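Just so you know, these numbers come straight off a predicted model, no measurement behind them. FYI, side chains are in, hydrogens and waters are out, and symmetry mates aren't considered; it's all heavy atoms of this structure.
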Amino acid sequence: MAYKEQGVSSHRARFSVIAPHSFLSSRLAGIPGVKDSLLQEFGIRLLTYDLPGFGESDPHPNRNLESSATDMAFLANALGVDKFWVVGYSSGSMHAWAALRYIPDRLAGAAMFAPMVNPYDPIMTKEERRRTWNKWTRRRKFMYFLARRFPRLLAFFYQRSFLSGKHGQIDRWLSLSLGNRDKALMEDPMYEEFWQRDVEESIRQRNVKPFMEEAALQVANWGFSLSDLKLQKRKRSSNLLSWLKSMFTETEEYMGFLGPIHIWQGMDDKVVPPSMTDFVHRVLPGAAVHKLPYEGHFTYIYFCHECHRQIFTTLFGTPQGPLSISIEVDQANLEETNIEQQVVNDGDYATN
């Protein structure tokens, strides 16, 4: 696994954050444009990594969302991280959802930005599905159909777009419809430079298979439902042993994700429509939803210093900087060392 670190060092981090990237992206993305000084101010250690087969990470045969969560835990273990926040943006959110499901004990909380869910999720109502699909271009709907039914055919389209070696805009390559503010951002030279560098790193291996796998994962059976993450009391078993145990146990047992979930949603987002976040909030009413008027899919999280400050303040409160390194000193040993040092100094002085 290839990874990147930003912010404070491991032993001075107040908060550790791991951010899996979205489709056609890499470890270089992270929180796009976040300033190191802001990470230092809040004491944040930001870790990003390449998904299997992307960037410099090795492919992972037969990967699924459970293995994705395991990869995240492996990275945390390797870098000495105990509890961490997971950040999910766009299609990268499915890996964050997987972490909430499969490694909840490792997570301090989750921050989601325009979080993508499976557009074929069976617990979506007809109205929720209609409001979502109506926002997408005909070509994008066709690509989802291929990913679900005939994922191998995606190679034909990918090799003629972002794997062709030619530069192009993300909205054309991924068949996206964008709002006015997103279009304006994409014309900014700073974004253009970032986008080209991130895409080049993403397709470094020139292997179409990881992209086919990622697209298929999005619309396949995830192996869990978002409703599994809902905080609820665990149902007591009807057997005698469990009943006797409950008689002497006062604490209630809960299932689902116990930590905080924050969701930021641009109301002019045509890539991940607000209807998706409405669906998530219906299923997970405990999640805190921050609706952003006039914001699109990219404009709030990309190169917006004040936005990043608002996000960190919401998650972590008033900035307190990195942890101070305290060194405990044995006072008796310190006094003995001082005496010895004084003898040496006196001797040196007499010799001179």
Just wondering, are more than 12 heavy atoms of other shown residues or ligands nearer than 6.0 Å to [atom1] in [X]?
X: Tyr3; atom1: OH; value: no
X: Lys141; atom1: NZ; value: yes
X: Arg282; atom1: CZ; value: yes
X: Arg206; atom1: CZ; value: yes
X: Lys4; atom1: NZ; value: yes
X: Lys83; atom1: NZ; value: yes
X: Lys270; atom1: NZ; value: yes

Measuring only between side-chain heavy atoms, which start at C-beta, is [X] closer than 4.5 Å to [Y]?
X: Ile31; Y: Phe312; result: yes
X: Trp97; Y: Val280; result: yes
X: Leu292; Y: Gln265; result: no
X: Ile203; Y: Phe54; result: no
X: Thr277; Y: Pro115; result: yes

In terms of the angle between their ring planes, are [X] and [Y] parallel, tilted or perpendicular, with boundaries placed at 30° and 60°?
X: Tyr102; Y: Phe224; value: perpendicular
X: Tyr191; Y: Trp195; value: parallel
X: Trp264; Y: His290; value: parallel
X: Phe298; Y: Tyr302; value: perpendicular

Any luck finding a side-chain donor-acceptor pair between [X] and [Y] under 3.5 Å?
X: Ser275; Y: Thr132; answer: yes
X: Thr48; Y: His21; answer: no
X: Glu192; Y: Gln196; answer: yes
X: Glu56; Y: Tyr49; answer: no

List the atom pairs, donor and acceptor, that lie under 3.5 Å between side-chain atoms in residues 69-79 and the rest of the protein, sequence neighbours left out.
unit_1	atom_1	unit_2	atom_2	d
Thr70	OG1	Glu66	O	3.0
Asn77	OD1	Arg106	NH1	2.9
Asn77	OD1	Arg106	NH2	3.1
Asn77	ND2	Ala73	O	3.3

Of all residues at least two apart in sequence or in a different chain, which pass the side-chain hydrogen bond (donor to acceptor under 3.5 Å, both in side chains) check with His308? none

side-chain hydrogen bond (donor to acceptor under 3.5 Å, both in side chains) partners of Ser26, counting only residues at least two apart: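 Residues passing side-chain hydrogen bond (donor to acceptor under 3.5 Å, both in side chains) with Ser26: Asp198.
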
Centroid separation Tyr144 to Tyr120 less than 6.0 Å: no

Salt-bridge contact Glu127-Arg130 (side-chain N to carboxylate O under 4.0 Å): yes

Could you give the distance from [atom1] ([X]) to [atom2] ([Y]), rounded to the nearest 0.5 Å?
X: Leu217; Y: Ser67; atom1: CG; atom2: OG; answer: 7.5 Å
X: Ser22; Y: Phe113; atom1: OG; atom2: CZ; answer: 13.0 Å
X: Thr299; Y: Asp188; atom1: OG1; atom2: CG; answer: 12.5 Å

So, using side chain to side chain contact (heavy atoms under 4.5 Å, CB included) as the criterion, who are the partners of Leu323 when residues are at least two apart?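 Listed in chain order: Arg14.
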
Same apolar cluster: Leu24 and Leu28, side chain cutoff 4.5 Å: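 The answer is no; the residues belong to distinct hydrophobic clusters.
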
Do Met267 and Val289 share a hydrophobic cluster (ILVMFWY, side-chain heavy atoms under 4.5 Å, transitive)?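 Different hydrophobic clusters.
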
Go through the structure and list residues passing salt bridge (charged side-chain N to carboxylate O under 4.0 Å, His left out) with Asp121, not counting sequence neighbours. none

Keeping to residues at least two apart or across chains, list the side-chain hydrogen bond (donor to acceptor under 3.5 Å, both in side chains) pairs with something in residues 36-45. Glu5-Arg45, Glu41-Arg309

